[in-house]
Amino acid sequence: MAHDQSDALNRRGLLFILSSPSGAGKTTISRMLLGADDAIELSVSATTRPARSGEIDGVDYHFVSDAKFDAMVEEDDFYEWAHVFGHRYGTPKGYIRRGLKEGRDFLFDIDWQGTQQLKQKDEQDVVTVFILPPTLEALRQRLEGRGTDSEDVIDRRMDRARAEISHWAEYDYVVINDDVDACFVKVREILHAERMKRTRQTGLIPFVRGLMG
Ligand code: 5GP
């Protein structure tokens, strides 16, 4: 198999953040990206919640005790953490930092608030992409198409979607998802281009040194 430049040279990984209002296709695009690209993996959170049946430690979450979670907070081992429904959840930092050094990328499927927190902790490694629906009508149709929610719930989800969309200008890239395959190609091109940034290509200095003799 031919190796391109990004395979040959050492590089620092990145934190690739996808945000969108629910129903705009973020989960689909995330799955497509994870399926198509071996160098990016989904960030796995730590939680004090007990595992549900079928969930695998280290895959769905890192399941940890309260004491272990306390210790991780104490050691500043979280990018961010929060209480949700009586349990604690957080994004562990040590594991990701080691991966970044090895040139692995991490995908985050999080909202604008989580994005802000990650950016505050690690601005230089973070790349943010916002996915917009082509119209609010299309978004509503996708929510209705799931067939799981009442009109009332859909109205509330639409309000939340408007609030999420209002943060579009805080993102590095914005892609309109009017066609999921075309949107995926654009998101993948963003990832590829960001990997080629000079500052991420840590192998360039020795490479150029060798080049110049
Ligand atoms: P569940 O227990 O159903 O897997 O997740 C419950 C909630 O926790 C979801 O809304 C999910 O977004 C949130 N959550 C999962 N991981 C994290 C994390 O690392 N940080 C924060 N702040 N919330 C998380």
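Whatever order the structure lists ligands and atoms in, that order sets their numbers, starting from 1. Values below: every heavy atom of this structure, side chains too, minus hydrogens, waters and symmetry copies.
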Return the residue, atom name and 0.1 Å-rounded distance of the protein heavy atom closest to atom 9 (C) of ligand 1.
-> Val84 CG1, 4.7 Å

CD on Glu80 to OG on Ser45, rounded to 0.5 Å = 7.0 Å

Among protein heavy atoms, which sits nearest to atom 22 (N) of ligand 1, and what does the distance come to when rounded to 0.1 Å?
-> Glu80 OE1, 2.9 Å

Is atom 4 (O) of ligand 1 less than 4.0 angstrom from at least one protein heavy atom?
-> yes

Which protein non-hydrogen atom lies closest to atom 19 (O) of ligand 1, naming both residue and atom, and how far is it?
-> Ser45 OG, 2.6 Å

Looking only at side chains, do Thr115 and Tyr171 share a donor and an acceptor under 3.5 Å apart?
-> yes

For this output row, return yes or no: ring centroids of Phe78 and Phe69 closer than 6.0 angstrom.
-> yes

Any chance you could measure Arg140, atom CZ, to Met158, atom CE, to the nearest 0.5 Å?
-> 6.0 Å

Per-residue contact class, Thr91 against ligand 1 - non-hydrogen pairs under 4.0 Å = both

Taking both backbone and side-chain atoms of Tyr61, is any N or O found less than 3.5 Å from an N or O belonging to ligand 1?
-> yes

Part of Arg49 with heavy atoms under 4.0 Å of ligand 1, whether side chain, backbone, both or neither | side chain

Does the protein put a heavy atom under 4.0 Å from atom 15 (C) of ligand 1?
-> yes

Quick one: do the Glu170 and His167 side chains pair a donor with an acceptor below 3.5 Å?
-> yes

At a non-hydrogen distance cut-off of under 4.0 Å, which region of Arg52 contacts ligand 1 (side chain, backbone, both, or neither)?
-> side chain

Looking only at protein heavy atoms, what sits closest to atom 17 (C) of ligand 1 is Tyr89 CB, 3.5 Å

State whether a side-chain donor-acceptor pair under 3.5 Å links Tyr173 with Glu189.
-> no

Test applied, side chain to side chain donor-acceptor pair (under 3.5 Å); reference residue, Asp105; option that passes from Arg11, Arg200, Arg12 | Arg11

For Ala82, atoms of ligand 1 separated by under 4.0 Å from a heavy atom = 22 (N)

Report yes or no: does Gly114 have a heavy atom closer than 4.0 Å to ligand 1?
-> no

State, without any angle test, whether Asn10 and Thr202 hold a side-chain donor-acceptor pair at a distance under 3.5 Å.
-> no

